[in-house]
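Predicted model, so just to flag it, every value in this text is computed and none were measured.
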Amino acid sequence: MDPAFFARPAAVVAADLIGHTLLVAGVGGIVVETEAYDREDPASHSFAGPTRRNASMFGPPGHAYVYRSYGLHWCLNLVCEPASAVLLRALEPTDGLDAMRARRGLSEPRLLCAGPGRLSQALAINLVQDGLPLDRPPFAWREPAAPVNVAAGTRIGISRGVETPWRFVLAGSRFVSKPLPRPRD
DNA sequence: CATTTGATGTCCT
DNA sequence: GGACATCAAATGC
């Protein structure tokens, strides 16, 4: 993955990432769900300025930002333009299924990485990875094998900025944490 | 199927 | 003290 890939607006990177494969220490899968957050976004951790927790978000693009959510889950973000990031919300598991199952307990493959907390548990993400560059081990990337059909919607689990359509999914994937709402007919 | 609940870190007022 | 980018298990249809 070219470091310049991340040095763009988070919403652009979030959409482009769909279909890429992410591996962490050889374990991972196809990115099927992302969300974008930026400095002007009231739902973003960077909205209120730098703190100890979100320091990585104010660092250089192309690095990881890991934070704890609801006191117990880890969430993996990819830092883009200054104070913006992409939250990885779901993968279609392809590599290291046994390691993921061991970390998550016996769980059906569809739920191994369907959600930011589950994904982080399956890939053994924690504060150790916070601030690490994404273009070097343990991180590895593969380009999409075929053209990707990306669908957009509103983000999940937030109470401010709810209208911003910065959630991106691989169209038709059954590995997302929650299906996109049906288009109005 | 939907809704509720408990787990409890970090930042905010 | 309250809010929060969550999850899994328990409960009520």
Look only at the side chain of A:Ser84 and the backbone of A:Glu81, and say whether a donor-acceptor pair between them is shorter than 3.5 Å. yes
Which nucleotide sits closest to the side chain of A:Ala48: B:dT10, B:dC12, C:dA5? B:dC12
Which atom pair, heavy atoms only, marks the closest approach of A:Pro179 to A:Arg167? O-NH1, 4.0 Å
For A:Leu111 and C:dA9, what is the distance between atoms CG and C1' respectively, to the nearest whole Å? 14 Å
Rounded to whole Å, how long is the line connecting atom CG of A:Leu127 with atom P of B:dG9? 13 Å
So, A:Arg103 versus A:Gln121: side-chain donor-acceptor pair below 3.5 Å or not? no
Keeping A:Arg160 on the side-chain end and A:Asp41 on the backbone end, is there a donor-acceptor pair under 3.5 Å? no
Those stems involving DNA chain B that have three or more consecutive Watson-Crick or G-U pairs, both distances under 3.5 Å, are B:1-7 with C:6-12, B:9-12 with C:1-4
Report yes or no: is the cationic atom of A:Arg68 (NZ for Lys, CZ for Arg) closer than 6.0 Å to the six-membered ring centre of A:Tyr70, at no more than 45° off its axis? no
Out of B:dC11, C:dA5, C:dA8, minimum distance to the side chain of A:Arg118 belongs to C:dA8
Looking at A:Phe5 versus A:His20, is the centre-to-centre ring distance below 6.0 Å? yes
Look up atom CG in A:Leu78 and atom CG in A:Leu87, then write down how far apart they are to the nearest 0.5 Å. 8.5 Å
Here the gap from A:Asn126 atom CG to A:Trp74 atom CH2, rounded to the nearest 0.5 Å, amounts to 6.0 Å
Using a cut-off of strictly less than 4.0 Å between a heavy atom of the residue and any atom of DNA chain B, enumerate the qualifying residues of residues 60-90 of chain A by number. A:Arg68, A:Gly71, A:Leu72
Check whether any side-chain N or O of A:Ser177 sits under 3.5 Å from a backbone N or O of A:Gly115 as a donor-acceptor pair, and report yes or no. no
Would you jot down, in residue-number order, the residues of residues 151-158 of chain A having a non-hydrogen atom under 4.0 Å from DNA chain B? none
Between C:dT6, C:dA8, B:dC11, which nucleotide gets closest to the side-chain atoms of A:Arg104? C:dA8
Please state how far atom CE in A:Met57 lies from atom C1' in C:dA5, giving the value in whole angstrom units. 10 Å
Looking at C:dA5, B:dC11, C:dA8, which one has an atom nearest to any side-chain atom of A:Ser44? C:dA5
Expressed in angstrom and rounded to an integer, what is the separation of A:His45 atom NE2 from B:dC11 atom P? 10 Å
Is there a path from A:Leu180 to A:Phe175 through hydrophobic residues (I, L, V, M, F, W, Y) whose side chains come within less than 4.5 Å of each other? yes
Would you mind reading off the distance between A:Arg52 atom CZ and B:dC12 atom P, rounded to a whole angstrom? 11 Å
Do A:His45 and A:Tyr37 pass the ring pair (Phe, Tyr, Trp, His ring centres under 6.0 Å) test, and can you show the C-alpha distance, the side-chain angles, and the key distance before you say yes or no? CA-CA 8 Å; A:His45 284 179; A:Tyr37 293 85; 7.7 Å; no
